[in-house]
Amino acid sequence: MSVRNKLLTEIQSAIENNEILDNIDISGVDLSFLNLTGITADRLQGQKTDFKGTALMNASFRDCNFDEAVFENCNFQEADIADCFFYRTQFQHVSMKKAKLAISFCSEACFDGADLSESILVGTSFDDASFVNANLSRADAESVVFIGADLTGADLSYGNFEEADFTNAKLDRVRWKGANIKGAVFDEIIKGKIITLI
């Protein structure tokens with residue numbers, strides 16, 4: 001049995017039996033276009049793993065490492081993710097509606113075209129990440145770090161960005177209507193313009 005098939009058997013068994021996958025290594029494995037709905041994993045090593053197009057609804061990940069993994073076009077709706085690493089991870093066009101991605105590190109990750117509406121992003125760092133044309137409407141992003149991030153064309157309407165840090169972020173054509181930016185940090189020249197858009 002190949003390494004991939006062995007891992008798939010272990011993963012599917014854990015999902016069916018509502019068990020936690022604990023401390024396994026799936027780094028570099030192709031897990032694209034699968035149905036992994038409801039997967040629960042702690043301390044997973046998933047660097048450079050390919051999850052492209054995979055269904056991950058209601059997934060739960062704790063203390064996992066997905067640096068440079070590919071989640072492009074995945075469905076993460078209502079997933080629960082915390083204390084994870086996503087350095088240079090690809091999330092283009094992912095659906096994370098009503099998902100929780102809290103207290104995690106997403107430096108240089110790409111969320112272009114992603115749907116993060118109504119998500120919980122509290123305490124997560126997105127420094128130098130890209131959110132071009134992403135939907136963060138009604139997201140709870142209190143104390144989130146967007147330092148150096150590219151939010152060109154992103155929808156932040158009615159979201160909670162209290163005490164978020166937008167220092168050096170690209171904010172062209174961002175939709176701010178109804179957003180809470182109390183205590184948020186901006187480059188001084190931009191802040192006045194944003195207030196007029198809310």
Which ring-ring contact (aromatic ring centres under 6.0 Å, His included) pairs, counting each pair once, include a residue from residues 26-48, with sequence neighbours left out?
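Sorted result for residues 26-48: empty, none.
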Quick one: are T124 and C106 in side-chain contact, heavy atoms under 4.5 Å?
yes
Counting C-beta onward and ignoring hydrogens, is there a side-chain heavy-atom pair between L31 and L7 closer than 4.5 Å?
no
Minimum-distance pair of heavy atoms, taken over all atoms of [X] and [Y]:
X    : Y    : answer
S2   : N5   : OG-N, 3.1 Å
C64  : A41  : SG-O, 3.7 Å
A82  : S104 : C-OG, 3.7 Å
A149 : F126 : CB-O, 3.8 Å
G123 : V144 : N-CG2, 4.0 Å
R4   : D30  : NE-O, 2.6 Å

Return each pair, listed once, that meets side-chain hydrogen bond (donor to acceptor under 3.5 Å, both in side chains) where at least one residue sits in residues 91-102; pairs must be two or more places apart or across chains.
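Residue pairs with at least one partner in residues 91-102: Q77-S95, Q90-Q92.
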Output every pair passing side-chain hydrogen bond (donor to acceptor under 3.5 Å, both in side chains) with a member in residues 52-71, not counting sequence neighbours, ordered by first then second residue.
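Sorted pair list: R62-D80.
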Same apolar cluster: [X] and [Y], side chain cutoff 4.5 Å:
X    : Y    : result
L121 : I147 : no
M57  : M96  : no
V70  : L36  : no
W176 : Y158 : no
L156 : V145 : no

Between the side chains of S130 and D112, is a donor N or O closer than 3.5 angstrom to an acceptor N or O?
yes
Under a 3.5 Å cutoff, is there a donor and acceptor pairing between the side chains of S27 and Q47?
yes
F111 and F131 aromatic ring geometry - parallel, tilted or perpendicular at 30°/60° bounds
parallel
Nearest-0.5 Å distance, [atom1] of residue [X] to [atom2] of residue [Y]:
X    : Y    : atom1 : atom2 : value
I39  : E19  : CD1   : CD    : 12.0 Å
L56  : F76  : CG    : CZ    : 4.5 Å
L171 : D187 : CG    : CG    : 8.0 Å
D140 : L116 : CG    : CG    : 12.5 Å
F166 : F146 : CZ    : CZ    : 5.0 Å
I26  : D50  : CD1   : CG    : 11.0 Å

Using the test ring-ring contact (aromatic ring centres under 6.0 Å, His included), find all partners of F66 that sit at least two apart in sequence or belong to another chain.
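With neighbours one apart ignored, the set is F51, F61, F71, F86.
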Set of residues satisfying salt bridge (charged side-chain N to carboxylate O under 4.0 Å, His left out) with respect to D22, sequence neighbours excluded:
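Testing D22 for salt bridge (charged side-chain N to carboxylate O under 4.0 Å, His left out), a comparison that skips the adjacent residues, returns R43.
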Keeping the roles fixed (side chain from T152, backbone from D172), state whether a donor-acceptor pair exists under 3.5 Å.
no
Measure from the side-chain N and O atoms of S13 to the backbone N and O of I11, and report whether any donor-acceptor pair falls under 3.5 Å.
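A pair under 3.5 Å: no.
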Cluster partners of V122, using ILVMFWY side-chain heavy atoms under 4.5 angstrom, listed by chain and number?
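Members other than V122 - counting any ILVMFWY side chain reachable under 4.5 Å - are I120.
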Is there a side chain to side chain contact (heavy atoms under 4.5 Å, CB included) between D128 and S107? Walk through the geometry before answering.
CA-CA 6 Å; D128 297 312; S107 300; over 6 Å; no
Run the salt bridge (charged side-chain N to carboxylate O under 4.0 Å, His left out) test on R88 and E108 for me, step by step, so that the C-alpha distance in whole Å, both residues' side-chain angles and the decisive distance to 0.1 Å come before the verdict.
CA-CA 5 Å; R88 289 190 173 173; E108 298 183 41; 2.8 Å; yes
If you apply the rule side chain to side chain contact (heavy atoms under 4.5 Å, CB included), what do you find for L34 with L8, and how did you get there?
CA-CA 10 Å; L34 297 174; L8 282 176; 3.3 Å; yes
Side chain to side chain contact (heavy atoms under 4.5 Å, CB included) evaluation trace for D115 with V94:
CA-CA 6 Å; D115 181 1; V94 74; over 6 Å; no
